[in-house]
K.L.:
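Please read through the structure below; I'll follow up with questions.
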Amino acid sequence: MVAVKKHMVVSGLDVGTSKVCCLIGEIGSDGNLEIIGKGSAPSLGVRKGVVVDISETVRSIQSAVSEAERGAGIKVHSVFVGVTGDHISSVNSHGVITLAHEPKEVVEEDVRRAVEAAKVVSLPSEREVIHVIPRGFTLDGQAGVKNPVGMLGMRLEVNTHIVTGMSTFLHNLTKCIETAGLEIEENGLVLQPLASSLSVLNEAEKELGILMVDLGGGTTDIAVFRNRHIFHTSALPLGGNHITHDLAVAFRLSPEEAERIKVNYGHAIPSQVQDDDRIEITTLSGSKEILSRRIVAEKIAPRVEELFTYIRHEIEQLPKDSSLAGVTLTGGTSMLPGIIEIGRDILKYPVRIGYPQSSAGSTITELQNPTYSTGVGLVIYGATSLQHRKIYRRRETFISKAFRSLFKEFF
């Protein structure tokens, strides 16, 4: 009988303000990752990245997960979940440990202890740590060490980026996942811009210095990378839904109709729209009206300019030595025509659109869209996490067996 190789399955759940998206990935025996299932549903219980209605959020999650399960032909039990909202904050921290009084080889346990030392920061009782991300190591005064494991030294230091969130908001999100019949993977709450960066940024950008802006529906998530490490994150309470709301109020439209107009006819630069370009709209009263597309652009432009003004302010708050090579935009709102030009004018940096990279091996063509950057990134993050966990447990098992063998030999 031929043995069937087991494939590892990983699922990412992006609970956004506009939509809930579930992606299912499969890690083959060759280690390659392929996304095999996708499901999405309107997000009805989330505002600005925060759960405001548990029952509605649960229904949205169940709908998205069910669709992904049908496409993949498997059942989802646990997920890696994206976290965002303006309650998210971050701080850089420093940890130091003494290895020995004479040079010794650094092992993974030493790195873990150094990172744990960096976690000892003063936090308000209502905040909870989401990530402690190493940004670089110093070994016996030698800075710039990327991975100290295997090197000799006596004193190990680590610079970390610590991301925290409000405990109540994280608890409400967790409750929604569990009520929907799912478990959150170990360390499975993942900062959304961190996830998005895994799918849209390349190593050269991270090395030179890059500002990644994930333009979502209710929030705009920001992550700054330098020397391949993340060193600043934040979330702005402003996103594509604000543009939709502006259109709905200005032209007396339902949110659904305003969203349709924004997606299909919106533009961030009125002067690039022809004077005679007309579109048909349906007002709240049900009547049909003809509207100039340029007038629509004139309603959109101020909000886009406001958004980039906030982003510029974030850049201005960075340390003075934080040189950037450019800005990468992703998320659904990044598809708005003219947004690149507005970004360049206000930020004074090269700007590009970041698409989910094909490195995830996806066979689903519609995933090559910035809307799915976070979802694809969550699957990549989860796959990497599960593989590392599997390797670590194998190593622990090997060490345990070796000790048992020695115990039997001597005793």
Side-chain angles (χ1 to χ4, degrees), residues 14 16-21 40-49 52 56 60 213-221 236-312 327 329-347 351-355 365-366 368-374:
D14 177 12
T17 302
S18 300
K19 73 176 190 320
V20 174
C21 174
S40 63
S43 184
L44 304 176
V46 179
R47 295 290 180 273
K48 296 183 179 181
V52 295
E56 290 282 8
S60 296
V213 180
D214 192 340
L215 299 164
T219 62
T220 293
D221 298 323
L236 304 176
L238 192 64
N241 285 358
H242 292 79
I243 298 175
T244 302
H245 180 264
D246 291 343
L247 296 178
V249 171
F251 305 116
R252 297 175 292 110
L253 308 174
S254 67
E256 295 76 18
E257 177 71 352
E259 181 71 12
R260 183 185 73 85
I261 298 301
K262 181 188 74 175
V263 172
N264 296 325
Y265 305 105
H267 205 293
I269 306 176
S271 62
Q272 293 186 5
V273 180
Q274 298 295 325
D275 287 330
D276 57 352
D277 198 347
R278 298 288 188 270
I279 56 177
E280 184 179 73
I281 64 171
T282 302
T283 66
L284 281 173
S285 64
S287 62
K288 303 288 185 180
E289 294 183 7
I290 302 300
L291 193 65
S292 166
R293 190 182 171 199
R294 174 171 283 190
I295 292 178
V296 172
E298 288 173 350
K299 296 297 181 183
I300 292 175
R303 184 66 80 173
V304 175
E305 292 170 3
E306 178 190 25
L307 174 60
F308 278 107
T309 299
Y310 276 108
I311 296 171
R312 184 179 64 190
V327 176
L329 306 179
T330 194
T333 306
S334 69
M335 299 300 291
L336 181 69
I339 200 165
I340 290 180
E341 292 89 335
I342 297 296
R344 287 172 182 163
D345 289 344
I346 295 178
L347 302 182
V351 178
R352 77 170 182 93
I353 303 298
Y355 293 83
T365 56
E366 60 262 39
Q368 303 305 308
N369 184 307
T371 302
Y372 297 105
S373 294
T374 297

K.L.:
Do D14 and Y372 make a side-chain contact, defined as non-hydrogen atoms from C-beta onward lying under 4.5 Å apart?
P.N.:
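No, too far: nothing below the 4.5 Å cut-off.
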K.L.:
Taking only residues two or more places apart in sequence, or in another chain, which ones meet R344 in a side-chain hydrogen bond (donor to acceptor under 3.5 Å, both in side chains)?
P.N.:
none
K.L.:
Between E341 and Q272, is any pair of side-chain heavy atoms under 4.5 Å apart?
P.N.:
yes
K.L.:
Nearest heavy-atom pair of S18 and G217: which atoms, and what distance?
P.N.:
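S18 and G217 have their closest heavy atoms at OG-CA, 3.4 Å.
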K.L.:
So, do V296 and Y265 sit near enough that their side-chain heavy atoms are less than 4.5 Å apart?
P.N.:
no
K.L.:
Name the residue from I311, L347, I340 that meets the side-chain contact (heavy atoms from CB on, under 4.5 Å) definition with V327.
P.N.:
L347
K.L.:
Working to the nearest 0.5 angstrom, can you tell me the gap between L238 CG and T219 OG1?
P.N.:
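Output value for this atom pair is 9.5 Å.
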K.L.:
Do E257 and R252 make a side-chain contact, defined as non-hydrogen atoms from C-beta onward lying under 4.5 Å apart?
P.N.:
no
K.L.:
Stepwise, does the side-chain hydrogen bond (donor to acceptor under 3.5 Å, both in side chains) test hold for T283 with S287?
P.N.:
CA-CA 6 Å; T283 66; S287 62; 2.8 Å; yes
K.L.:
Atom CG in L247, atom CD1 in I295: separation rounded to 0.5 Å?
P.N.:
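Result: 12.0 Å between the selected atoms.
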K.L.:
Atom CZ in R312, atom CD in E305: separation rounded to 0.5 Å?
P.N.:
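If I round to the nearest 0.5 Å, the distance is 10.5 Å.
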K.L.:
Where the side chain of S43 meets the backbone of G16, is there a donor-acceptor pair that is under 3.5 Å apart?
P.N.:
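Yes, S43 side chain to G16 backbone: donor-acceptor pair under 3.5 Å.
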K.L.:
Quick check: closest heavy atoms across S373 and G331, and the distance to 0.1 Å?
P.N.:
OG-N, 4.4 Å
K.L.:
Of the non-hydrogen atoms in I243 and I300, which two are nearest, and what is the gap between them?
P.N.:
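Nearest heavy atoms, I243 then I300: CG2-CG1, 3.8 Å.
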K.L.:
Does the side chain of L215 come within less than 4.5 Å of L307's, by heavy atoms?
P.N.:
yes
K.L.:
Please give me the minimum heavy-atom distance between E298 and P302, naming the atom from each residue.
P.N.:
O-CD, 3.1 Å
K.L.:
Would a distance-only check, ignoring hydrogens and angles, find a side-chain to backbone donor-acceptor pair under 3.5 Å from T244 to E259?
P.N.:
no
K.L.:
Check for a donor-acceptor pair, side chain of K299 on one end and backbone N or O of F251 on the other, with a separation under 3.5 Å.
P.N.:
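No; judged by distance alone, with no hydrogens or angles, the pair does not exist.
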K.L.:
For a side-chain hydrogen bond (donor to acceptor under 3.5 Å, both in side chains) check, start with the C-alpha distance between D214 and T374, then their side-chain angles and the critical distance, and finish with the verdict.
P.N.:
CA-CA 9 Å; D214 192 340; T374 297; 3.0 Å; yes
K.L.:
Once salt bridge (Lys or Arg N to Asp or Glu O under 4.0 Å) is applied, what residue pairs with a partner in residues 274-287 remain, sequence neighbours excluded?
P.N.:
D275-R294, D277-R293
K.L.:
Testing the basics here: between A301 and A268, what is the closest heavy-atom pair and its distance to 0.1 Å?
P.N.:
CB-O, 3.4 Å
K.L.:
Might you point out which heavy atoms bring R260 and I281 nearest each other, and give the distance in Å?
P.N.:
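In terms of heavy atoms, the two residues are closest at NH2-CA, 4.4 Å.
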K.L.:
Starting at NZ of K48, measure out to OG1 of T220 and round the result to the nearest 0.5 Å.
P.N.:
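The distance works out to 11.0 Å.
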K.L.:
Would T282 and K288 count as having a side-chain donor-acceptor pair, cut-off 3.5 Å?
P.N.:
yes
K.L.:
With a 3.5 Å cut-off and no angle check, do the side chains of N241 and T17 form a donor-acceptor pair?
P.N.:
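There is no such pair between these side chains.
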K.L.:
Side chains of K19 and T371: closer than 4.5 Å at any heavy-atom pair?
P.N.:
yes
